> 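Would you mind keeping the following structure in view while I ask a few things?
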Amino acid sequence: MSRRRSEHSPAPTTADATLLLLTVEEAARRLGIGRTTCFALVASGELESVKVGSLRRIPADALVAYVGHLRGAAVSSMRGV
């Protein structure tokens, strides 16, 4: 008898808010941007990432820092600074 995946493990799209390190896809989903855009942010260094073995991961607090940077830039441009 075959087992159905949903009976024994969470769905692959289940978000775990307690994760400290996120995949690029998970980070993109949390930021509400596309996967390609998120990869570009990582490649440019705008979004911090770390290597874990051969895997590239984004620290969850890097998302907060990135959004804070965007907010600061928006405020500065509104003030004409």
Side-chain angles (χ1 to χ4, degrees):
M1 182 174 183
S2 66
R3 295 183 205 170
R4 292 189 337 212
R5 180 181 193 109
S6 62
E7 292 176 354
H8 301 286
S9 62
T13 58
T14 301
D16 184 349
T18 63
L19 289 176
L20 295 177
L21 296 174
L22 308 169
T23 65
V24 172
E25 291 81 1
E26 290 166 336
R29 196 173 316 117
R30 286 191 185 186
L31 289 171
I33 62 176
R35 178 180 165 271
T36 304
T37 301
C38 196
F39 271 110
L41 290 171
V42 168
S44 71
E46 291 182 73
L47 184 58
E48 179 190 358
S49 68
V50 296
K51 290 278 282 186
V52 179
S54 63
L55 304 173
R56 176 69 53 187
R57 293 293 182 255
I58 300 171
D61 62 346
L63 302 181
V64 175
Y66 175 70
V67 171
H69 172 75
L70 291 178
R71 292 178 78 181
V75 169
S76 295
S77 69
M78 290 174 63
R79 292 182 182 164
V81 175

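The basis for the numbers below is simple: all heavy atoms, side chains too, and nothing from hydrogens, waters or symmetry mates. Numbering of residues begins at 1 and proceeds along the displayed sequence. Keep in mind that what you see is a predicted model, and the values were worked out from it rather than measured.
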> Any side-chain heavy atom of L22 within less than 4.5 Å of one from R57?
no
> Running the 4.5 Å side-chain criterion over Ile, Leu, Val, Met, Phe, Trp and Tyr, what cluster does V64 land in, apart from itself?
none
> Compare every heavy atom of L21 with every heavy atom of P59, then report the nearest pair and how far apart it is.
CA-CD2, 3.8 Å
> Can you establish whether the number of heavy atoms outside L55 located under 6.0 Å from its atom CG is more than 12?
yes
> With R56, which residues qualify under salt bridge (Lys or Arg N to Asp or Glu O under 4.0 Å), at least two apart?
none
> Working to the nearest 0.5 angstrom, can you tell me the gap between I58 CD1 and L31 CG?
8.0 Å
> Pairs under 3.5 angstrom only: tabulate donor-acceptor contacts from the side chains of residues 33-48 to other protein residues two or more places apart or in another chain.
from: R35; atom 1: NE; to: E25; atom 2: OE2; distance (Å): 3.0
from: S44; atom 1: OG; to: A40; atom 2: O; distance (Å): 3.3
from: S44; atom 1: OG; to: L41; atom 2: O; distance (Å): 3.1
from: S44; atom 1: OG; to: E46; atom 2: N; distance (Å): 3.3
from: S44; atom 1: OG; to: E46; atom 2: OE2; distance (Å): 3.2

